[in-house]
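The block underneath contains the structure these notes are about, expressed in structure tokens.
Worth saying up front: this structure is predicted, and the values here are computed from it rather than measured.
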Amino acid sequence: MEPAGAATSIGHAGRRPAIAWRAIVLAALLTVLSGARPLSPPPFHVPVPFAAPLEAQGRSVEVWQTPVDPETGLFLIGDVAVVEQKRRLTGLDARTGATRWVSSLESPGFMLADDHFILSEKRVETQEETHSLLTVLDARSGVSLWTAVSGFPADGPWRPYFSLIGMTAGHAIVTLPSLRRIRAFDLDDGDVAWETALPGECEALPVLEKSDDDSDVHEAADDQIAVMLMRCGGRTHLLGLASGDGGLRWDRPVTDRDVTGLSLQDGVTALQTPHSLTLVSAGGTVLYDYAAADVCEGNCRVEVLGDAVVVARGGGSDTEIVVEMTDRRTGRLVWTRTFDGSSGYGLQTAGDRLYMEYRLPPPLEHLVLDLLDPATGRTVRTTADPTTDDDGGTVVVDRYGRFFYALSGSDEKPVLTAFRLLPGPGDPGWAARDGVPASAWPDACALLPGGPGIRAGRPAPAGLSLPGSVTCELRPASGPGPVVKVSILWVHPSVEEAKDATTNKGLKEPSGWIASVADAARFLDDTLTDAALIRAGPILVTVEALGDPALTRRSVTAVAENLRTGPWGGGR
């Protein structure tokens, strides 16, 4: 490894010969005199969201599952899935779950990875202070290539403390606060690739104490730029350095707000506080700046696809998320969509595709993923999430071929699950129904009891491609009177999954007449007998006649009979 005092490369451009400058000036004058218009920017480009295997296949089937450590990340490197198990990094075969390798590195801490390297920054704590241990591993074998050990924050220049800024395709970039320098290590061998002094009066922010959620981040790097928050002349500044050679690109003052996160993706920096979100381009241009009370309290999210920068931020309610797309070349806001029943984490990418996860509106009970066209914001296809936990949340991590990987389970006992996507019926929108064909879904109006009255149905969201209604009311033809309402909660792929969904609702065990009406039937409230849940085979519906228990009994019996005798195959 090269000594700390080695020559540095600041990255300033060489001086142009005078003749070159004359040629440039002459060309500019000729352009003005001739009335020629400047070249227009290249056309807007984003990946085309065509229907890939994830959207074109059928329902997901679990292939393998393995316990992982709490708060682990998942890296897919070729056909190897890298996770933490028993405090060690483990490489699993992505198709079978078999162990390929186990690293000797224990409790790796914060990690980054690409196709060639895995980088670990581990904070080693003593009774008095903390220092950093930087280790780089071969991503395919798990073998440690080299390790760099920092001093303690108070040690000073003779044994400098360093903190990881980020990882690029070829470098691990660190800040050395006591030396007021930024250094890049070569990932292959740990040699110093370049080193840059901070400008003017700039100093690194104090080393953060480890927070409970470990969310505060003050630096990041990618293949284009390295960014960091610094104190310069008593004010906070955001610095941008070229990650290839360490040259200073730009220096922007930052309003002294409570910065909770700084992230970087494809040259776009996201500066986040609980009440604001600011995006800065690799060239230092502000692309997006939004401030409102608690707008990022539930965490804002930023995804970059080609020239599209897509933001998910808080909306007008606790469950409302606003998704906006900005042209990264100009900062122009192109489109806005609002989703209910979601969170900032609902926005995600897999490969070159953009998804938004949200909960379907009542009465339907399911999480779905919309494949979005990043250029227009329109939904290309709706597909069901492969797994949900007891709280209905899901974390989609990535996919490999026809496999889909998800982290789920409790915080104390998380599991990594691999799913294989099997061919489905192929009718439009089938994926949003877990592979259940539209013909297996009853029309809620067809389930209502017979008799006079007005039937008023509400269709399902368009992404489900259902011909009938999911909610239907039987109202009196004239004047006031009781209303009977039937709602379809979901049609599950199997009876067992429907049983599990019924059990998870935690309703009181049935007694009296309702116990024998259908495969399963329970009142929705312990004290009321005018609203009930029915399971008929794989179908879950609710029946209500609020304020009229006798009408509820007749309606529940009629709906259960209609489910049994109808063409949907619901129940015994």
Side-chain angles (χ1 to χ4, degrees), residues 319 340-341 359-366 392 433 440-461 464 466-492 495 497-572:
T319 61
D340 202 13
R359 184 169 294 283
L360 290 171
L364 300 167
E365 296 185 350
H366 215 281
R433 303 187 302 272
W441 280 68
D443 184 336
C445 290
L447 298 179
L448 284 169
I454 299 173
R455 286 165 167 77
R458 180 166 66 84
L464 294 181
L466 293 173
S469 300
V470 291
T471 295
C472 197
E473 293 182 351
L474 178 61
R475 303 168 183 169
S478 61
V483 175
V484 178
K485 180 179 179 181
V486 175
S487 300
I488 302 172
L489 302 187
W490 201 252
V491 179
H492 292 269
V495 171
E497 290 175 73
K499 286 181 179 179
D500 291 341
T502 305
T503 302
N504 289 339
K505 295 184 183 304
L507 300 177
K508 186 178 180 180
E509 287 299 319
S511 60
W513 65 268
I514 198 172
S516 59
V517 167
D519 293 337
R522 302 178 184 181
F523 290 116
L524 294 180
D525 191 287
D526 291 345
T527 60
L528 299 177
T529 57
D530 57 6
L533 169 74
I534 297 176
R535 181 184 67 78
I539 304 172
L540 294 184
V541 301
T542 57
V543 183
E544 306 170 34
L546 301 182
D548 196 327
L551 180 58
T552 297
R553 178 171 182 171
R554 294 196 301 273
S555 301
V556 167
T557 304
V559 170
E561 179 64 20
N562 289 337
L563 284 168
R564 277 194 296 269
T565 59
W568 313 285
R572 56 195 179 193

task = With the side chain counted from C-beta on, respond yes when Thr542 and Val486 share a heavy-atom pair under 4.5 Å apart, and no when they do not.
result = no

Shortest non-hydrogen contact from Pro476 toward Ile454 = O-CD1, 4.1 Å

query = Does the side chain of Leu466 come within less than 4.5 Å of Pro461's, by heavy atoms?
reply = no

inquiry  = Between Leu447 and Cys472, is there a side-chain heavy-atom distance shorter than 4.5 Å?
reply    = no

request  = Might you work through the side-chain contact (heavy atoms from CB on, under 4.5 Å) test for Leu540 and Ile534, ending with a clear yes or no?
outcome  = CA-CA 6 Å; Leu540 294 184; Ile534 297 176; over 6 Å; no

query = Which distance, rounded to the nearest 0.5 Å, do you find between the CG of Asp548 and the CZ of Arg554?
reply = 6.5 Å

query = So how far is it from Thr529 OG1 to Leu524 CG, rounded to the nearest 0.5 Å?
reply = 11.5 Å

request  = Please examine the side chains of Thr565 and Glu561, heavy atoms only from C-beta on, and report whether any two atoms are closer than 4.5 Å.
outcome  = yes

ask   = Do Glu473 and Val484 touch side chain to side chain, with heavy atoms closer than 4.5 Å?
value = no

task = Before giving the answer on side-chain contact (heavy atoms from CB on, under 4.5 Å), spell out for Arg535 and His492 the whole-Å C-alpha distance, their side-chain angles and the decisive distance to 0.1 Å.
result = CA-CA 11 Å; Arg535 181 184 67 78; His492 292 269; over 6 Å; no

key: Gap separating the OG atom of Ser487 from the CG atom of Leu364, nearest 0.5 angstrom   = 9.0 Å

message = Within the structure provided, determine whether Pro363 and Arg458 are in side-chain contact (heavy-atom separation under 4.5 Å).
response = yes

message = Quick check against the 3.5 Å criterion: does Asp530 have a side-chain atom that pairs as donor or acceptor with the backbone of Thr552?
response = no

request  = Locate the shortest heavy-atom distance separating Leu563 from Pro442; write the atom from each residue and the value.
outcome  = CD2-CG, 4.3 Å

key: Gly457 backbone acceptor or donor facing Ser469 side chain under 3.5 Å   = no

query = Between Ile514 and Phe523, is any pair of side-chain heavy atoms under 4.5 Å apart?
reply = yes

ask   = Can you check whether Leu533 reaches Val543 side chain to side chain, under 4.5 Å on heavy atoms?
value = no

task = Assign the ring pair Trp490 / His366 to parallel, tilted or perpendicular, where the plane angle (0 to 90°) is split at 30° and 60°.
result = parallel

task = From the options Leu489, Val559, Asn562, select the one residue that forms a side-chain contact (heavy atoms from CB on, under 4.5 Å) with Val541.
result = Val559

request  = List the steps and the verdict of side-chain contact (heavy atoms from CB on, under 4.5 Å) for Glu365 and Leu360.
outcome  = CA-CA 6 Å; Glu365 296 185 350; Leu360 290 171; over 6 Å; no

query = Have Asp340 and Thr319 got a donor and an acceptor in their side chains that come within less than 3.5 Å?
reply = yes

request  = Measure the CZ-CG distance between Arg564 and Asp519 for me, rounded to the nearest 0.5 Å.
outcome  = 8.5 Å

